[in-house]
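As structure tokens, the structure follows; a few thoughts come after it.
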There are 2 protein chains.
Amino acid sequence: MDDVTAFGALIRQERKAQGLRQDELAAASGVGLRFLVELERGKPTVQFGKALAVLAALGCRVDVVRPGRQPG
Amino acid sequence: MDDVTAFGALIRQERKAQGLRQDELAAASGVGLRFLVELERGKPTVQFGKALAVLAALGCRVDVVRPGRQPG
DNA sequence: CAAAAAATTTCCCGATCGGGACAATAGACC
DNA sequence: GGTCTATTGTCCCGATCGGGAAATTTTTTG
């Protein structure tokens, strides 16, 4: 997980796994449909907070693993 | 790890742990100093891709844990 | 394969805001 | 006071975001 396209792909994958349409997930996340389209496409300039809101709406947790430490 | 302020705090913590100044990390990440200041402060509207670039420059890996799955 | 239905993507528009450089300011520490 | 780091103000071009609908692609169905 290092670039934005990977996030986009994962979000799309998880959205489909949950049987949601783009407009449904967008509404549930509090973002616009166009934003979600761009996020799933891997647009790097999307807003950080909104991207996190989408992940939260999907029930995803984000872990940052620092070099030399255990996940937490 | 659910909101932008948590990311900002973690980034600052890790930057200091690595003995870097803000301008050094900003340069190493390819972002402006102002961006890094805002990121560490938890500004939610910063660009996603740049935030990931900073994490990458710190050597941090980002895992997204999907509900009901193992990390990967 | 064709037609229909569903889902996704693009377009239009402009108010809003990001974030770059640079300099000035504020803390911290000795 | 002197020095180093962090933060903020200003200027300002260019990009983001959104809502709704059209256009396109994908999926379903006969």
Side-chain angles (χ1 to χ4, degrees), chain A residues 1-69 72, chain B residues 1-69 72:
Chain A
M1 190 62 62
D2 45 352
D3 65 341
V4 189
T5 54
F7 271 93
L10 186 147
I11 286 170
R12 162 164 300 188
Q13 210 172 18
E14 182 61 23
R15 171 178 61 80
K16 295 202 169 187
Q18 296 189 19
L20 296 169
R21 292 193 314 268
Q22 290 182 322
D23 60 324
E24 292 174 330
L25 176 56
S29 308
V31 305
L33 169 61
R34 251 196 47 230
F35 176 88
L36 185 61
V37 170
E38 289 171 342
L39 177 62
E40 289 191 352
R41 292 195 61 176
K43 189 176 188 179
T45 55
V46 296
Q47 293 185 3
F48 196 14
K50 293 188 178 179
L52 292 182
V54 172
L55 286 168
L58 284 172
C60 290
R61 189 163 52 86
V62 182
D63 285 342
V64 177
V65 185
R66 296 143 85 187
R69 285 189 180 76
Chain B
M1 189 62 63
D2 45 352
D3 66 340
V4 189
T5 54
F7 271 93
L10 185 148
I11 285 169
R12 163 166 300 187
Q13 212 172 17
E14 181 61 23
R15 171 178 62 81
K16 296 202 169 187
Q18 296 189 19
L20 294 170
R21 292 193 314 268
Q22 289 182 321
D23 62 320
E24 289 176 331
L25 177 56
S29 308
V31 305
L33 169 61
R34 184 177 208 89
F35 175 88
L36 185 62
V37 170
E38 289 170 341
L39 178 62
E40 289 190 353
R41 289 194 68 104
K43 190 175 187 179
T45 56
V46 297
Q47 293 185 6
F48 196 12
K50 291 185 181 181
L52 291 183
V54 172
L55 286 167
L58 284 172
C60 291
R61 190 163 49 87
V62 182
D63 284 341
V64 176
V65 184
R66 296 142 88 186
R69 284 189 181 75

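Residue numbers start from 1 in every chain, and the chains themselves are labelled A, B, ... in the order their sequence lines are given, proteins ahead of strands.
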Would you be so kind as to tabulate the donor-acceptor pairs closer than 3.5 Å made by side chains of residues 35-44 of chain B, with sequence neighbours excluded?
{"residue": "B:Glu38", "atom": "OE2", "partner": "B:Lys43", "partner atom": "NZ", "Å": "3.1"}
{"residue": "B:Glu40", "atom": "OE1", "partner": "B:Arg12", "partner atom": "NE", "Å": "2.9"}
{"residue": "B:Glu40", "atom": "OE1", "partner": "B:Arg12", "partner atom": "NH2", "Å": "3.1"}
{"residue": "B:Glu40", "atom": "OE1", "partner": "B:Arg15", "partner atom": "NH2", "Å": "3.3"}
{"residue": "B:Glu40", "atom": "OE1", "partner": "B:Gln22", "partner atom": "NE2", "Å": "3.1"}
{"residue": "B:Glu40", "atom": "OE2", "partner": "B:Arg15", "partner atom": "NE", "Å": "2.7"}

Considering only residues two or more places apart or on different chains, which pairs with a residue in residues 6-29 of chain A satisfy ring-ring contact (aromatic ring centres under 6.0 Å, His included)?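 Those involving residues 6-29 of chain A are A:Phe7-B:Phe48.
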Calculate the interatomic distance between [X] atom [atom1] and [N] atom [atom2]; express it in whole Å.
{"X": "B:Leu39", "N": "C:dG20", "atom1": "CG", "atom2": "P", "answer": "11 Å"}
{"X": "B:Phe35", "N": "C:dA21", "atom1": "CZ", "atom2": "C1'", "answer": "16 Å"}
{"X": "B:Leu36", "N": "D:dT7", "atom1": "CG", "atom2": "P", "answer": "9 Å"}
{"X": "B:Glu38", "N": "D:dT8", "atom1": "CD", "atom2": "C1'", "answer": "10 Å"}
{"X": "B:Leu25", "N": "D:dT5", "atom1": "CG", "atom2": "P", "answer": "14 Å"}

Which pair of heavy atoms, one from B:Pro67 and one from A:Gly59, lies closest together, and at what distance?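 The pair with the smallest heavy-atom distance is CD-O, 3.6 Å.
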How far apart are the closest heavy atoms of B:Ala28 and B:Ala57, and which atoms are they?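 Closest pair (atom of B:Ala28, atom of B:Ala57, distance): O-CB, 4.0 Å.
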Write out a two-atom table: protein N or O, nucleotide N or O from nucleotides 6-12 of chain C, distance below 3.5 Å.
{"residue": "C:dT8", "atom": "OP1", "partner": "A:Arg15", "partner atom": "NH1", "Å": "2.9"}
{"residue": "C:dT8", "atom": "OP1", "partner": "A:Arg15", "partner atom": "NH2", "Å": "3.2"}
{"residue": "C:dT8", "atom": "OP2", "partner": "A:Gln22", "partner atom": "N", "Å": "3.2"}
{"residue": "C:dT9", "atom": "OP1", "partner": "A:Arg12", "partner atom": "NH1", "Å": "3.4"}
{"residue": "C:dT9", "atom": "OP1", "partner": "A:Arg12", "partner atom": "NH2", "Å": "2.7"}
{"residue": "C:dT9", "atom": "OP2", "partner": "A:Arg12", "partner atom": "NH2", "Å": "3.0"}
{"residue": "C:dT9", "atom": "OP2", "partner": "A:Gln22", "partner atom": "OE1", "Å": "3.2"}
{"residue": "C:dT9", "atom": "OP2", "partner": "A:Gln22", "partner atom": "NE2", "Å": "2.4"}
{"residue": "C:dT10", "atom": "OP1", "partner": "A:Arg41", "partner atom": "NH1", "Å": "2.7"}
{"residue": "C:dT10", "atom": "OP2", "partner": "A:Arg41", "partner atom": "NH1", "Å": "2.6"}

How sharply is the helix from C:dC1-D:dG30 to C:dC30-D:dG1 bent, taking the axes over five pairs at either end and rounding to 10 degrees?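 End-to-end axis angle for the helix from C:dC1-D:dG30 to C:dC30-D:dG1: 60°, rounded to 10°.
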Can you tell me how far apart CZ (A:Arg21) and CG (A:Leu33) are? Round to the nearest 0.5 Å.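 Reported to 0.5 Å precision, the distance equals 10.5 Å.
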Look at A:Lys50 and D:dC17 and indicate whether a side-chain polar atom (N or O) is within less than 4.0 Å of OP1 or OP2.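 Negative; the distance criterion is not met.
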Does the side chain of B:Thr45 get closer than 4.0 angstrom to OP1 or OP2 of C:dG18 through an N or O atom?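 So the side chain of B:Thr45 is within the cut-off, an N or O lying under 4.0 Å from OP1 or OP2 of C:dG18.
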Do you know which of B:Leu55, B:Leu58, B:Val54 makes side-chain contact (heavy atoms from CB on, under 4.5 Å) with B:Glu14?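 Only one of B:Leu55, B:Leu58, B:Val54 forms a side-chain contact (heavy atoms from CB on, under 4.5 Å) with B:Glu14, namely B:Leu58.
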Considering residues at least two apart in sequence or located in another chain, which fulfil the side chain to side chain contact (heavy atoms under 4.5 Å, CB included) criterion with A:Gln13?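 So A:Gln13 forms a side chain to side chain contact (heavy atoms under 4.5 Å, CB included) with B:Arg66.
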B:Asp3: salt bridge (Lys or Arg N to Asp or Glu O under 4.0 Å) partners, not counting sequence neighbours: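 Salt bridge (Lys or Arg N to Asp or Glu O under 4.0 Å) check on B:Asp3 returns nothing, list empty.
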